[in-house]
There are 2 protein chains.
Amino acid sequence: MKQERIRMRPIWQDEKTGAVQVIDQRALPGKLVTMNLESVDDVIFAICQMVVRGAPLIGVTGAYGVYLAAKNSKAPLTDKTCLKQEAERIIAARPTAVNLSWAVQRTLEAVLAEPNPDARIQAAQNQAAAIAEEEVQNSKMIGHHGLELIKDLAQKKSGAPVNILTHCNAGSLACIEMGTATAPIYAAFDSGIKVHVWVDETRPLNQGSRLTAWELGNHGVPHTVITDNAGGHLMQHGMVDMVIVGSDRTTFTGDVANKIGTYLKALAARDNNIPFYVALPSSTFDWRIADGISGIPIEKRDPDEVRYMPGKPKTPDNLLLPETSPAANYAFDVTPARLVTGFITERGICKATASDIKNLFPEK
Amino acid sequence: MKQERIRMRPIWQDEKTGAVQVIDQRALPGKLVTMNLESVDDVIFAICQMVVRGAPLIGVTGAYGVYLAAKNSKAPLTDKTCLKQEAERIIAARPTAVNLSWAVQRTLEAVLAEPNPDARIQAAQNQAAAIAEEEVQNSKMIGHHGLELIKDLAQKKSGAPVNILTHCNAGSLACIEMGTATAPIYAAFDSGIKVHVWVDETRPLNQGSRLTAWELGNHGVPHTVITDNAGGHLMQHGMVDMVIVGSDRTTFTGDVANKIGTYLKALAARDNNIPFYVALPSSTFDWRIADGISGIPIEKRDPDEVRYMPGKPKTPDNLLLPETSPAANYAFDVTPARLVTGFITERGICKATASDIKNLFPEK
């Protein structure tokens, strides 16, 4: 029996109560659980604990955090200090994805620019909703542009499925709808092109096997889960036609911070002459950092995420290593621009060079 | 409280009963369980189910399998057909590691060469024990030669620990004593050189976090467990001085089949100018295959090893992906010779070229 397709965003406002609600992504794929976010503390918890994750989504969640800060403020909204402090707290929740500070700053500025103190809560809400809608439009356009790349590959394969490898989850769960890396895949699938996705497991939190596989299955897209170790072997044997990943922060020079392990797949793609694309909305570009490897802060998360089985209680029975063995948990790595075939953005596709990026976004 | 060091081989014969006993490596690091192997079926089960694993160890286990075939034979040992069939069954247990067929063939030949049928069981036992002792000597010599490489790095680092990354388990558990990849590490540690080992988790069966971390901890060697995704990031940031891995089969031209994911680490090492060494006894060379990528058979194991949490029952609660999502489980990949800095063998160190390998092993 085919499972009924679930159509919901990972974040939304309840129409009646106005409460901010999110899918608790920690519970997927086993359970579909939602969570109410009622305060800045709730928002910080949700971002830190990865109830929500994915660069565009944590941006939107952060924007709603500013709205909740304004809504719950005990100080009058003429006192801007308090609101700024709350915004800083939200931005500090996770360091790597640039979308968070971008969306929070933008929402804060909208609030502060509103001359009427009584309209400031509404201004925050409007701005958060606007960012969410922009990301939806960005994903649609990323899908539209990326579709052409998959169409070309499909023609070369004359009817055989186009095999696409992706790492982590840069799907609708990481964005609002359609995703970034997955948007071209959904666009291709919906237009009748045969595709098959190799889903990297993405240790330690298994966003590939838990989230991307769930999303693709929900959409009906053929896919196979593999370990993070397996992609190189598949590429050596002609079983991957294209790699598409998302990004948490991309420098204006084209260096890509994304989930740990992305760099290894980029190296394997290059070694096997397989196109390696990064799909991202412009909100993910960092227009100030030139050298991604030295400049982008890489989050070091709790080693217990490596030490214990994902989603299980921290008991000796669920340890993945000897009790006395330490672990380290770097959450992202940086793929140098030289390994990236191109970027798929809402404005089109460009090469991973400062000049090509600038051509597409001349106003930055 | 420091755990008392456990000194035992992963395979041995009970002195009184002569029974072949092994450590059940599936139960580590939680429990130290041993298993009796009493028949060829037991041996095949142990190899297939990875009660024992690691190229040198499955070679020795296979050799003892021939001994058990001879011991349990109902046909007289003048009937060579039956023994040959049993040997073929053992060889078929796992396809990638060449040590298995090498050790089984060698033991079979020793039996068949023994003119006195009554002495054939003893001949098999002697040969299996001899192979085990040779592997112990090989490991010692690999440690001896590899130590020089680590000494050189230690000098350059003037007192700071030498950081070595290893993938999977090529330790004493994979061999008989000291291991292959770990032999130079133990030799360096025992001679007072400061070392620190990055232990790749090695999904899906976690031989890194379960076995290598256990071994290193047992020996007192400082180490940190990381996900398979993390090595590239560490290398980009100067946190890895050297990579040493083992091998399941190495062509005479220098292509290295090893646990899936090894190729990705070799690519990252090359991209960051970090030496990438493969430690192996000569029993792991395949003297017939020239092209590793097209020629070495890569085992495809049960997808459930990817789908369920390692060591847990196959219940929905222990699924790592949606119930309807398929998985694939390639167990090895091939690292091309061009990415290998050198081989550490029992005869010394050589480059990964046919001519250098031939120089070291001219009789082959």
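These numbers were taken from a predicted model, which means no experiment stands behind them. Every chain is numbered from 1, with letters handed out A, B, ... down the list of sequences.
- For the residue pair B:Q207 / B:T212, no side-chain donor-acceptor distance below 3.5 Å is found, with atom types taken as modelled.
- Legend: residues meeting salt bridge (charged side-chain N to carboxylate O under 4.0 Å, His left out) with A:R307, ordered by chain and number and at least two apart, are A:D304.
- Comparing B:R270, B:H237, B:Q236, B:H167 by how many heavy-atom pairs each has under 4.5 Å with chain A, the most go to B:Q236.
- For a residue to count as touching a neighbouring chain, one of its non-hydrogen atoms must lie under 4.5 Å from one of that chain's; by this rule B:L216 does not touch chain A.
- Between chain A and the residues B:G208, B:G30, B:A213, the most heavy-atom pairs under 4.5 angstrom are made by B:A213.
- For B:D317, the parts lying near chain A are the backbone and the side chain together; criterion is any non-hydrogen pair under 4.5 Å.
- Heavy atoms of B:L234 lying under 4.5 Å from chain A belong exclusively to its side chain.
- Remark: the A:Q49 side chain and the A:R26 side chain contain no N/O donor-acceptor pair separated by less than 3.5 Å.
- Looking at B:K312, the atoms closer than 4.5 Å to chain A (heavy atoms on both sides) all sit in the side chain, from C-beta outward.
- With chain A as the partner, the residue from B:P29, B:G261, B:P322 showing the most heavy-atom pairs under 4.5 Å is B:P322.
- Checked by atom type, the side-chain pair B:H233/A:D333 shows no donor-acceptor distance below 3.5 Å.
- Nearest heavy-atom pair across A:A266 and A:T335 is CB-CG2, 3.4 Å.
- Between A:R338 and B:D271, at least one side-chain N (NZ, or NE/NH1/NH2) sits under 4.0 Å from a carboxylate O, which counts as a salt bridge.
- Between the side chain of A:N329 and the backbone N or O of A:D302 there is at least one donor-acceptor pair closer than 3.5 Å.
- Heavy-atom distances place the side chain of B:N206, and not its backbone, under 4.5 Å from chain A.
- Only the side chain of B:E201 comes within less than 4.5 Å of a heavy atom in chain A; its backbone stays farther off.
- Judged purely by distance below 3.5 Å, without hydrogens or angles, the side chains of A:N169 and A:E215 pair a donor atom with an acceptor atom.
- Taking chain A as the reference chain and counting heavy-atom pairs below 4.5 Å, the highest number among B:K259, B:E323, B:R203 is found for B:R203.
- Heavy-atom pairs under 4.5 Å with chain B were tallied for A:V306, A:L339, A:I293; the largest tally goes to A:I293.
- Interface remark: B:M235 contributes no atoms to any contact with chain A (heavy atom separation under 4.5 Å).
- Between chain A and the residues B:E305, B:M309, B:R210, the most heavy-atom pairs under 4.5 angstrom are made by B:M309.
- Note that A:K265 lies outside the cation-pi zone of A:F276, set by a 6.0 Å cut-off to the ring centre and a 45° limit from the axis.
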